[in-house]
Amino acid sequence: MDKHVLSVLVKNSSGVLSRVSGLFSRRGYNIDSLTVGRTEDQNISRMTIALNGDEDVLEQVKKQLNKLEDVICVTDLNDNESVYRELVLIKVRANAENRAAINETVKIFRSKIIDLSTNTLTIELTGDEDKVSALISLMEEYGIEELVRTGITALQRGEKTLKKSVEELDLE
């Protein structure tokens with residue numbers, strides 16, 4: 001099964017997330033990752049949806065998404081032509097003996113310690129999925145107290161944008 005990342009521009013209206021996720025569940029498709037946020041236009045949100053499936057599954061999902069009234073544009077983001085990033089926050093057990101080692105690992109990954117207490121450190125890292133997974137793996141030896149990942153968010157590289165699709169539809 002191939003991994004696919006879809007960028008979906010939608011009208012920023014109540015219930016749109018429910019309708020999109022409902023489409024996946026009704027058809028038995030699994031969403032590996034879903035991030036949603038407003039764009040530069042307050043009337044439009046961008047969903048980044050990661051899913052596994054062959055080309056037939058991908059085409060079916062795209063067709064079904066395009067049928068939804070709130071969907072403006074659906075684009076398959078090829079990993080060679082797009083930038084993927086993920087954010088992770090990791091709360092790790094830390095004591096006087098291991099703080100220096102954890103801090104060195106944090107520096108190597110170009111991540112940040114954003115909070116500390118007597119017994120824990122909270123680390124923030126932004127990177128691709130492999131980098132995030134590698135840091136998590138290394139932090140497991142210290143004891144992960146809590147962890148949250150945002151899921152993939154992505155944009156096309158270079159001057160390519162989905163904005164033209166939005167402007168052509170004139171949503172105002």
Side-chain angles (χ1 to χ4, degrees), residues 1-91 109-112 114 122-137 144 146-172:
M1 288 232 212
D2 298 325
K3 182 172 187 168
H4 302 282
V5 178
L6 297 176
S7 185
V8 183
L9 292 182
V10 296
K11 294 177 186 173
N12 192 10
S13 59
S14 62
V16 68
L17 177 59
S18 176
R19 287 186 287 281
V20 168
S21 62
L23 179 149
F24 278 82
S25 65
R26 282 190 305 277
R27 285 160 181 76
Y29 299 136
N30 188 44
I31 297 173
D32 287 340
S33 158
L34 172 66
T35 59
V36 184
R38 276 183 264 133
T39 65
E40 66 282 356
D41 182 335
Q42 67 180 356
N43 298 311
I44 298 171
S45 291
R46 180 187 301 261
M47 295 183 174
T48 305
I49 304 170
L51 65 134
N52 285 313
D54 58 22
E55 290 299 319
D56 291 337
V57 168
L58 176 65
E59 286 307 311
Q60 185 66 29
V61 167
K62 287 168 58 176
K63 285 178 186 175
Q64 295 299 318
L65 284 169
N66 277 312
K67 287 181 181 179
L68 294 177
E69 184 178 321
D70 295 319
V71 171
I72 299 165
C73 177
V74 179
T75 302
D76 185 11
L77 297 179
N78 178 312
D79 60 349
N80 295 327
E81 298 172 2
S82 303
V83 178
Y84 300 160
R85 289 294 180 267
E86 194 174 340
L87 170 70
V88 66
L89 300 176
I90 310 169
K91 187 177 290 189
F109 277 81
R110 294 187 183 115
S111 52
K112 296 185 251 182
I114 58 169
T122 301
I123 302 163
E124 172 188 344
L125 172 66
T126 303
D128 63 29
E129 190 175 7
D130 291 339
K131 184 176 182 179
V132 169
S133 295
L135 180 62
I136 291 169
S137 178
I144 295 175
E146 208 168 12
L147 178 144
V148 63
R149 292 174 87 154
T150 60
I152 294 171
T153 192
L155 284 175
Q156 293 173 302
R157 290 188 182 274
E159 295 179 22
K160 294 180 180 178
T161 69
L162 299 180
K163 191 173 182 178
K164 284 186 181 179
S165 299
V166 174
E167 290 170 351
E168 290 171 3
L169 292 173
D170 191 26
L171 294 176
E172 315 238 343

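Computed from a predicted model, the values in this text were never measured in an experiment.
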Practice problem: Would you please name every residue forming a salt bridge (charged side-chain N to carboxylate O under 4.0 Å, His left out) with Lys112, sequence neighbours left out? | Solution: none
Self-check item: Non-neighbouring partners of Ser45 that pass side chain to side chain contact (heavy atoms under 4.5 Å, CB included), sequence neighbours left out
Solution: Val10, Asn12, Val36, Arg38
Practice problem: For Leu51 and Tyr29, run side-chain contact (heavy atoms from CB on, under 4.5 Å): C-alpha distance rounded to whole Å, both residues' side-chain angles, the deciding distance at 0.1 Å, then the answer. | Solution: CA-CA 8 Å; Leu51 65 134; Tyr29 299 136; 5.8 Å; no
Quiz item: At their closest point, which heavy atom of Ser14 faces which heavy atom of Arg19, and how far apart are they?
Solution: O-NH2, 3.2 Å
Exercise. Could you pull out the closest heavy-atom pair between Met47 and Leu17, with the gap in Å?
Key: CE-CA, 3.7 Å
Practice problem: Applying side-chain contact (heavy atoms from CB on, under 4.5 Å) between Ile90 and each of Leu125, Val132, Ile144, report the one that passes. | Solution: Ile144
Quiz item: Heavy atoms, side chains only, cut-off 4.5 Å: are Ser111 and Leu135 in contact?
Solution: yes
Quiz item: Distance-only, no hydrogens or angles: does the Ser82 side chain make a donor-acceptor pair with backbone N or O of Asp79 under 3.5 Å?
Solution: no
Practice problem: Locate the shortest heavy-atom distance separating Thr35 from Thr150; write the atom from each residue and the value. | Solution: CG2-O, 3.0 Å
Quiz item: Taking the side chain as C-beta and beyond, is there a heavy-atom pair between Lys11 and Asn43 under 4.5 Å?
Solution: no
Quiz item: Going from CD1 on Ile123 to CZ on Phe109, what distance comes out if it is rounded to the nearest 0.5 angstrom?
Solution: 10.0 Å
Quiz prompt | Minimal non-hydrogen separation, Ser33 against Gly151, with atom names | solution = OG-CA, 3.1 Å
Exercise. Before giving the answer on side-chain contact (heavy atoms from CB on, under 4.5 Å), spell out for His4 and Val57 the whole-Å C-alpha distance, their side-chain angles and the decisive distance to 0.1 Å.
Key: CA-CA 10 Å; His4 302 282; Val57 168; over 6 Å; no
Quiz item: Atom CG in Asp32, atom CD1 in Ile152: separation rounded to 0.5 Å?
Solution: 8.0 Å
Quiz item: Quick one: CG on Leu89 to OG1 on Thr122, what's the gap to the nearest 0.5 Å?
Solution: 7.5 Å
Practice problem: Evaluate the side-chain contact (heavy atoms from CB on, under 4.5 Å) criterion for residues Glu55 and Leu58: first the C-alpha distance (whole Å), next the side-chain angles of each, then the deciding distance (0.1 Å), finally the verdict. | Solution: CA-CA 5 Å; Glu55 290 299 319; Leu58 176 65; 3.8 Å; yes
Quiz prompt | Separation between CG of Asn52 and CD1 of Ile31, rounded to the nearest 0.5 Å | solution = 12.0 Å
Practice problem: Taking the side chain as every heavy atom from C-beta outward, state whether Thr75 and Gln156 have any pair of such atoms under 4.5 Å apart. | Solution: yes
Quiz prompt | Close side-chain approach of Asp128 to Glu86, heavy-atom, < 4.5 Å | solution = no
Quiz item: In chain order, what residues pass the salt bridge (charged side-chain N to carboxylate O under 4.0 Å, His left out) check against Glu81, with sequence neighbours excluded?
Solution: Lys160
Practice problem: Show your reasoning for whether side-chain contact (heavy atoms from CB on, under 4.5 Å) applies to Val20 and Leu65. | Solution: CA-CA 7 Å; Val20 168; Leu65 284 169; 3.8 Å; yes
Self-check item: Distance-only polar pair, side chains of Gln64 and Arg27, donor-acceptor under 3.5 Å
Solution: yes
Quiz prompt | Rounded distance (nearest 0.5 Å) linking atom CZ of Arg46 with atom CG of Asp41 | solution = 11.5 Å
Quiz item: Do any N or O atoms from the side chain of Lys3 and from the backbone of Ala50 form a donor-acceptor pair under 3.5 angstrom?
Solution: no
Self-check item: Distance, nearest 0.5 Å, that separates CG of Leu77 from CD1 of Ile49
Solution: 10.5 Å
